[in-house]
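Let me begin by presenting the structure, written as structure tokens, before commenting on it.
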Amino acid sequence: MLAYRLGPQSDPFNYIFSSDRWLKDYDPVGPFPMWVNLEPTNVCQLECFFCSRQLSDRPLGYLDLDLAKSLFSETARYPGAAVRLTGWGEPLLHPRIAELTDMIKGFGLKLKIYTNSMALTPALMEHFIKIGVDDIQFSLQGLTPEQYEFNRVKARYSQVEGKIIMASELRGDKQRPFLSVLTSVLADELAQADPVEFTQKLLKYADKVAMDLTNLNFVSGEARVKPFLGRQSKGLTRGLCVDVFLSLEVKYDGSIQFCGQDARGLPEHTIGKAPEMTLHEAWLSPAMEAKREAVGRHLGHENYTVCRDCYHNTDKYELFKNLSSSKVFK
């Protein structure tokens with residue numbers, strides 16, 4: 001499900017979502033990824049029920065700004081390429097997040113920030129407004145406060161809702177940052193609450209609300225999750241991976257990976273390491289092409305640990321292919 005308050009043209013990344021390359025002409029690959037997904041830190045203040053981060057023994061750390069500068073300098077040479085601050089931590093917990101975002105916008109790059117909102121302060125939001133951050137996406141789970149707090153351990157729904165309202169009020173009548181909300185649900189959560197009501201409520205403050213289906217397969221071996229595996233809203237059907245043709249993942253330590261689902265940073269998912277390898281080199285490398293061949297052109301998911309548990313939990317590609325003038329899409 002995908003809803004816009006003012007329609008898809010209001011989305012700062014509509015130029016990507018409506019492009020032929022994103023929708024259908026992703027293979028053969030372009031000279032550079034459309035998205036550079038960058039992890040500012042793997043530190044997080046939550047312990048979410050569904051999250052693979054708890055399986056990781058990676059050292060905690062923060063993206064070095066000199067490394068960041070080299071990544072942004074390279075990305076800026078490819079018109080239209082955008083940066084998403086995401087990863088296996090909360091991006092706003094980077095101690096120099098204001099400088100990091102300044103740098104990205106200073107290179108003229110489009111910027112989307114994913115956040116659980118807990119560390120978003122009025123001062124930081126005012127900074128994002130001032131420098132023109134393009135999109136802030138608030139990550140939720142469930143459709144009700146009770147569902148959210150079950151999934152997002154150590155968080156309170158009233159707090160995240162308050163942050164969304166605060167961001168909207170501070171932005172006022174400005175167009176940026178665009179405010180997005182993404183939630184995901186289990187089957188019984190859909191039965192207990194109305195997604196349309198949830199969407200309409202949040203569209204009073206946010207510009208875009210989307211809903212995916214919660215995927216527990218990445219943590220299926222965890223005792224806390226096993227009783228809930230039958231409550232997933234989705235069938236375990238594999239599909240060809242589109243992301244390997246569109247985006248590249250960079251961990252805080254410079255490790256370049258083909259997939260953002262690997263919380264542990266396993267060598268089998270790693271293409272190289274920046275700055276020794278450029279993003280362009282990684283993108284067109286034999287190693288990356290082998291990953292595309294395995295999971296993007298064939299269903300060779302068993303070849304990689306992270307891919308074995310990967311099943312489609314989004315219909316975003318189909319939604320964008322069929323956008324109409326309506327504001328709410330299902």
For the pair [X] (side chain) and [Y] (backbone), establish whether a donor and an acceptor sit closer than 3.5 Å, ignoring hydrogens and angles.
| X | Y | result |
| --- | --- | --- |
| Lys208 | Ala3 | no |
| Asp64 | Leu67 | yes |
| Lys291 | Val295 | no |
| His269 | Asp262 | no |
| Asn42 | Gly61 | yes |
| Arg176 | Asp135 | no |
| Glu149 | Tyr157 | yes |

Hey, is Arg238 close enough to Glu302 for a salt bridge, meaning N to O under 4.0 Å? yes

Looking at Lys112 and Asp134, is any side-chain nitrogen of the basic one under 4.0 Å from a carboxylate oxygen of the acidic one?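 A salt bridge is absent here (no side-chain N lies under 4.0 Å from a carboxylate O).
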
In chain order, what residues pass the side-chain hydrogen bond (donor to acceptor under 3.5 Å, both in side chains) check against Arg58, with sequence neighbours excluded? Glu39

Any donor-acceptor pair under 3.5 Å linking the side-chain atoms of [Y] with those of [X]?
| X | Y | result |
| --- | --- | --- |
| Gln45 | Asn116 | yes |
| Gln159 | Ser117 | no |
| Gln141 | Ser184 | yes |
| Asn303 | Glu268 | no |

Which ring-ring contact (aromatic ring centres under 6.0 Å, His included) pairs, counting each pair once, include a residue from residues 106-125, with sequence neighbours left out? none

Determine which pairs satisfy ring-ring contact (aromatic ring centres under 6.0 Å, His included) with at least one residue from residues 54-80, sequence neighbours left out, and list them in order. Phe32-Tyr78, Tyr62-His94, Tyr78-His280

Hey, do the aromatic rings of Phe49 and Phe228 have their centres closer than 6.0 Å? yes

Check: residues 271-278 side-chain donor-acceptor pairs under 3.5 Å, at least two apart:
residue: Thr278; atom: OG1; partner: Glu281; partner atom: N; Å: 3.0
residue: Thr278; atom: OG1; partner: Glu281; partner atom: OE1; Å: 3.4

Are there more than 12 heavy atoms of other residues, nucleotides or ligands under 6.0 Å from atom NZ of Lys69? no

CD/Glu222: more than 12 non-hydrogen atoms of other groups inside 6.0 Å: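 Enclosed: over 12 neighbouring heavy atoms sit under 6.0 Å from CD of Glu222.
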
Any chance you could lay out the side chain to side chain donor-acceptor pair (under 3.5 Å) test for Tyr4 and Asp11, step after step, and finish with the verdict? CA-CA 8 Å; Tyr4 283 98; Asp11 193 320; 2.7 Å; yes

Only counting residues at least two apart or in another chain, list the ones meeting ring pair (Phe, Tyr, Trp, His ring centres under 6.0 Å) with His301.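 Listed in chain order: nothing, the list is empty.
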
Taking the six-membered ring of Trp88, is NZ or CZ of Arg53 closer than 6.0 Å to its centre and within 45° of its axis?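 Pair Arg53/Trp88 does not count as cation-pi.
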
Honestly, is Arg292 close enough over Trp283, meaning NZ or CZ under 6.0 Å from the six-membered ring centre and within 45° of the axis?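 Positive - Arg292 is close enough to the ring of Trp283 and near enough to its axis.
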
Leu182: partners by side chain to side chain contact (heavy atoms under 4.5 Å, CB included), with sequence neighbours left out: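 Partners of Leu182 by the side chain to side chain contact (heavy atoms under 4.5 Å, CB included) criterion, ordered by chain and then number, come out as Gln137, Ala210, Asp212.
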
With side chains defined as the heavy atoms from C-beta onward, is the minimum distance between Leu213 and Val185 less than 4.5 Å?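 Yes. Closest side-chain heavy atoms under 4.5 Å.
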
Run the numbers on Glu47 and Gln54 for side chain to side chain donor-acceptor pair (under 3.5 Å), then give the verdict. CA-CA 7 Å; Glu47 295 177 2; Gln54 297 169 56; over 6 Å; no

Is there a chain of hydrophobic side chains (I, L, V, M, F, W, Y, each step under 4.5 Å between heavy atoms) that links Leu170 to Ile165?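 Same hydrophobic cluster.
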
Determine, stepwise, if the pair Leu38 / Thr86 fulfils side-chain contact (heavy atoms from CB on, under 4.5 Å). CA-CA 6 Å; Leu38 182 60; Thr86 178; over 6 Å; no

